[in-house]
Number of protein chains: 2
Amino acid sequence: MKKRRKSGRVTLSDVAREAGVSPITVSRALRSPGMVSKEVVKRIEQVVGDLGYVPDPAARALASQRTDVIGVIIPSVTNNVFSDVMRGIYARVEETNYRIQLGNSRYSQKEEEKLLQTFVSQRPAGLMVSGIDQSDEARQILEDVACPVVQIMETGPDPVDMMVGFSHRDAARAAAEHLIAKGYERIGFIGARMDPRTARRLEGYREALRAAGRYDEGLERTTAQRSTVTLGSGMLLELKAGRPDLDAVLCNNDDLALGALFACQRQGISVPDEFGICGFNDLEMMAASCPSITSVRTYREEMGVRGTDMLIQAIEGGRSAEANVDLGFDVIARESTARREQGGEKG
Amino acid sequence: MKKRRKSGRVTLSDVAREAGVSPITVSRALRSPGMVSKEVVKRIEQVVGDLGYVPDPAARALASQRTDVIGVIIPSVTNNVFSDVMRGIYARVEETNYRIQLGNSRYSQKEEEKLLQTFVSQRPAGLMVSGIDQSDEARQILEDVACPVVQIMETGPDPVDMMVGFSHRDAARAAAEHLIAKGYERIGFIGARMDPRTARRLEGYREALRAAGRYDEGLERTTAQRSTVTLGSGMLLELKAGRPDLDAVLCNNDDLALGALFACQRQGISVPDEFGICGFNDLEMMAASCPSITSVRTYREEMGVRGTDMLIQAIEGGRSAEANVDLGFDVIARESTARREQGGEKG
DNA sequence: AAACAAAATGATAGCGCTATCATTGTCAAT
DNA sequence: ATTGACAATGATAGCGCTATCATTTTGTTT
């Protein structure tokens, strides 16, 4: 008679006693009901309900060496882009017994590494990380971990395990080509929060401009600052002050694009006739603004859903056929780049 | 010689053996170094580093009956408002050993209840929930749970435990009073996602209009839909179509307000002279738009930080003095309500 | 040097669950 | 009736850690 630590919790053994079976049978009835006779399962479920039994995830994790936790690491909890991805992830996970453990790397490789280490110590069922720019150490952790891994947000040639995303470079190139096709001559680029994804967008922009023979280093403006609408206004004004002949801008994201539009409105610059603006991500507001803003639509919620899907499939045995999914993008042309016929060539 | 389940993991006992002490001493060296002599701590830390020992949170949770998990339940992962709160929470938690377990109730009391049950079964160190409109069952769970609880986003007379937020009713009343003071006559209200918080804002609006003798049911327009910029445009146009004398609108949030502004721009309605617009939340873009939009600033990131702070203090013993914190709000007057002197009274 | 408190360390026994192997019951095939 | 195969259930022993109590070491006081 020396019960030392009682927790007051209803345990599996309590249920077993009440149902007149052994604890392991209760465990089986709850985990794999197929192994237990129908009547016993029913009786156990009844008792579980009556007693209000809730399994202890810690005990289960310890005994079985695995959890229902899917670890997700994103660089920002505030950025709309990642909220959309999260929405997809939560939507997909809600129908299941998996739980999401969210980590916020704040765009830092070191943070990401630390988070990975913590997550891995929890024996996750699966891991999801953003992008393809992990540190060597982080990549090593991911390659060694005993669970499926999905990289989301980008495509690339060399996934750790699985991957779902799109090519930022191609998307930005397509956007720049759109501006060129619309007849804009001096097309600038503004980018904030210069992480590797953004850098690849810049590359795409450069490719398009070089191909058109219009590349000019002075038309780019980037900053490490977190991007905001206000910053978009400021960067556009600065860029245009330095290059008065600038007649269009490709923005690294929609916040900047909206800021650029507001700046034009304040300056009395007519969009799209005098000046073209193209955003990136196609947030909902781009369609609503006046004028509406051309942007590159990406499939973020879908990315979350698919990524989670691939993870769950891999966890539960049947690896999905495709391990490297490109969800693509679409340039959605709107008023902000619908320039009317313009006479003067400059070149 | 019957080791049955080996996990390959470096355990506390491995460290103990290597360091020449007992496992419990290692445990103490890591949890409460004050109880162990300096040299032993140092030796243990050395071994921990060499062996790459990482504690198993499941084992710890099971043995100690507690975890480092702070459960947070929010109604939306996409809504900017909650992302800001989350940023505050993560910022505060990052300096500590606590982990955040995020739950997404999707504005559903039933979902919230389910999440709470799941969370509670994990023996959280603390819980944070949004708002004061839990179901009776959820409230009961929160009152019974063996950890501190903070309700965020609102203030109210009857906290489960602790509370940090502001009065949505007072904030909306102040915003409506601002519009009245600026000389607007027919002030409408548009609100989407009509959750209890929004309903209280509507109440505040009504109070202000009644006090000014201008209340008119037909000036309100609400919907259960998720709020978007496009929806804001649509709702404003509908409202104004029904009441052509409408000369201002208080929007339940900034997305709607921005949509309202865009709608006015498309219709050629001059803001603020012909029409006043006031938003709610004061997202960053409100200051940047053209014209800039008046909004009610709330302290969301601060709310996350303070809520987490109160939780951690309560967990670690010293309950903070204030258990019910009102962070207030500020009506930030901007161009969208800066009406120039206007002649005609309408009566 | 004796006496005692305080500090440091250890032995033991679980936390609540499941992996593993063992046993029992059931039924068709011989 | 005997055999075997399979389904259903149980006994046992941990998973890796910490609470609890016991013991040893150290320092302080007289």
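In what follows, chains are A, B, ... by sequence order, proteins preceding strands, each numbered from 1.
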Over how many whole Å does the gap from A:Asp56 atom CG to D:dG16 atom C1' extend?
14 Å
Whole angstroms only, please: what is the NZ-P distance between A:Lys38 and D:dA8?
9 Å
Side-chain N or O of B:Ser22 versus OP1/OP2 of C:dG10: is the shortest distance under 4.0 Å?
yes
Using heavy atoms to find the nearest nucleotide of DNA chain C for B:Gly20 and A:Val26 separately, return the residue whose nucleotide is more 5′.
B:Gly20
Could you check whether A:Arg28 gets within reach of a base, just the sugar-phosphate, or nothing at all, counting any heavy atom under 4.0 Å?
base
Among the nucleotides D:dT9, D:dA19, D:dG16, which one has an atom lying closest to any side-chain atom of B:Arg66?
D:dA19
Rounded to the Å, how far apart are B:Met35 CE and D:dT18 P?
12 Å
Can a donor-acceptor pair be found between the side chains of B:Arg99 and A:Gln122 at a distance below 3.5 Å?
yes
Donor-acceptor check, side chain of A:Ser83 to backbone of B:Asn80, threshold 3.5 angstrom: yes or no?
no
Atom-pair distance (CG on A:Leu12; P on C:dA19), nearest Å
12 Å
Do any side-chain nitrogens or oxygens of A:Arg31 fall under 4.0 Å of OP1 or OP2 in C:dT18?
yes
Looking at D:dT9, I'd like to know if its phosphate oxygens (OP1 or OP2) sit under 4.0 Å from a side-chain N or O belonging to A:Ser37.
yes
Nearest to the B:Val40 side chain among D:dC17, D:dG14, C:dT9, which nucleotide is it?
C:dT9
Over all atoms of both residues, closest heavy-atom pair of B:Ala19 and B:Ile44:
CB-CG1, 4.1 Å
Interatomic distance where CG belongs to A:Leu51 and P belongs to C:dG16 [whole Å]:
14 Å
In whole angstroms, how far is the P atom of D:dT18 from the CG atom of A:Leu62?
12 Å
Of all heavy-atom pairs between B:Ala29 and B:Val41, which one has the smallest distance, and what is that distance?
CB-CG2, 4.3 Å
Any side-chain N or O of A:Thr25 under 4.0 Å from OP1/OP2 of D:dG10?
yes
Nucleotide C:dC17, atom C1' - distance to CG of A:Asp68 in whole Å:
13 Å
Assuming nearest nucleotide by heavy-atom distance, tell me which of B:Ile24 and B:Ala59 is located more 5' along DNA chain D.
B:Ala59
Identify the two heavy atoms, one from A:Phe166 and one from A:Met303, that lie closest to each other, and give their separation to 0.1 Å.
CD2-CE, 3.7 Å
May I ask you to verify if any side-chain N or O of A:Gln65 is less than 4.0 angstrom from the OP1 or OP2 atom of D:dG16?
yes
Whole angstroms only, please: what is the CG-P distance between A:Asp14 and C:dG16?
9 Å
